[in-house]
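Note: hydrogens, waters and symmetry copies are ignored here, and every other heavy atom, side chains too, is used.
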2 protein chains.
Amino acid sequence: MKIGELAARTRVAPRLIRYYEQQGLLVAARADNGYRTYTDDHVERVGRIAGLVQAGIPTRLVKVLLDAEDRAARDEPTCPKEVAEQLAAELGPIEERIACLTRSRDTIRGFLERTRHEVVLREADAGHPA
Amino acid sequence: MKIGELAARTRVAPRLIRYYEQQGLLVAARADNGYRTYTDDHVERVGRIAGLVQAGIPTRLVKVLLDAEDRAARDEPTCPKEVAEQLAAELGPIEERIACLTRSRDTIRGFLERTRHEVVLREADAGHPA
DNA sequence: CTAAACTCTCACATTAATGTCAATGTCAAG
DNA sequence: CTTGACATTGACATTAATGTGAGAGTTTAG
């Protein structure tokens, strides 16, 4: 598929897909005409990249992470010591982010539950007003 | 306490603490001399702000979130419909971020486990080489 | 064949979060 | 009282992620 379809499927702007490629997070084959061509695998890859970037992971680290995932997927647990150190250094901050977001998620859920009840009550009132 | 201590305790630069205040995420009392003064509560607050910002939540939304948490803490489940909508809109993206980060966390953990084993093995080899 | 829709590259603008520096004021210790 | 550490404000710089537009080639539908 071409970049437009990939963009549509991932809801990531073509501009960004090219940017991610430029940052080395993504490799795209080229058709004879120079157009980038992608496979279904790229859909997941781009989604993952965008997710991590939106979660505040800078592209430089996203690269390290995805490289690690790629190796894991290929059952290649070998990983240069230096990379392992980078990963280890990221673990803490990532866990903090998860904790922070989880807490906010729970807060929001709590609010929405109560709000939904209120709405229901209000609708009930509207249904049979005094 | 003054801004320096708060910065040290939260590991957030004074520059940013002031920035967060300017964005309305934080209210600081002022001493007679104009110095900002903080309480212990601010330590947690600033930590939370920094955590969310680093998790990719823009300050504008952090404000909405923290306002909600404040209300929840005060048992004030009332919340303008408009705010509830904003919260609802954030929920999805936040969950995605959590999912993304969680996956990366697991990948990293897996790697580190295996790496640790390798290191141990290598050390063992070093201990009694052929 | 032609027009519209896509693609390419390149350049420039923007936004948010942050760093940095300068000029000034305050405070605490010697 | 002076010096050094810290605070204040304000201006300016930077970085990363993104938006935007131009100019040129490609493809597809009519």
When rounded to the nearest 0.5 angstrom, what is the spacing between [atom1] in [X] and [atom2] in [Y]?
{"X": "B/Leu101", "Y": "B/Arg103", "atom1": "CG", "atom2": "CZ", "answer": "12.0 Å"}
{"X": "A/Arg71", "Y": "B/Thr107", "atom1": "CZ", "atom2": "OG1", "answer": "13.0 Å"}
{"X": "A/Leu6", "Y": "A/Arg36", "atom1": "CG", "atom2": "CZ", "answer": "11.0 Å"}

* To do: Report the residues that fulfil side-chain hydrogen bond (donor to acceptor under 3.5 Å, both in side chains) with B/Arg11, sequence neighbours left out, ordered by chain and then residue number.
  =>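 By the side-chain hydrogen bond (donor to acceptor under 3.5 Å, both in side chains) rule, B/Arg11 matches no residue at all.
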* Indicate, with a heavy-atom threshold strictly under 4.0 Å, whether A/Arg36 touches base, sugar-phosphate, or nothing. =>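 Result for A/Arg36 = sugar-phosphate.
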Pairing of [X] and [Y] as salt bridge, 4.0 angstrom limit:
{"X": "B/Glu69", "Y": "B/Arg45", "result": "no"}
{"X": "B/Arg9", "Y": "B/Glu5", "result": "yes"}
{"X": "B/Lys63", "Y": "B/Asp67", "result": "yes"}

[atom1] of [X] versus [atom2] of [N]: gap in Å, rounded?
{"X": "B/Arg18", "N": "D/dC6", "atom1": "CZ", "atom2": "C1'", "answer": "10 Å"}
{"X": "B/Ile17", "N": "D/dC6", "atom1": "CD1", "atom2": "P", "answer": "14 Å"}
{"X": "B/Ile3", "N": "D/dT9", "atom1": "CD1", "atom2": "C1'", "answer": "12 Å"}

Pairwise N/O distances under 3.5 Å, protein to nucleotides 16-20 of chain D:
unit_1, atom_1, unit_2, atom_2, d
D/dA17, OP1, A/Thr59, N, 2.8
D/dA17, OP2, A/Tyr19, OH, 2.7
D/dA17, OP2, A/Thr59, OG1, 3.0
D/dT18, OP2, A/Tyr20, OH, 2.9
D/dT18, O4, A/Arg15, NH2, 3.0
D/dG19, O6, A/Arg15, NH2, 2.9
D/dT20, O4, A/Arg15, NE, 3.1

* Reading 5' to 3' through nucleotides 25-30 of chain D, protein heavy-atom contacts under 4.0 Å coded B for base, S for sugar-phosphate only, - for none -> BBS---
* To do: Of all the heavy-atom pairs spanning A/Thr10 and A/Gly47, show the shortest one and how long it is.
  =>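 The answer is CG2-N, 4.4 Å.
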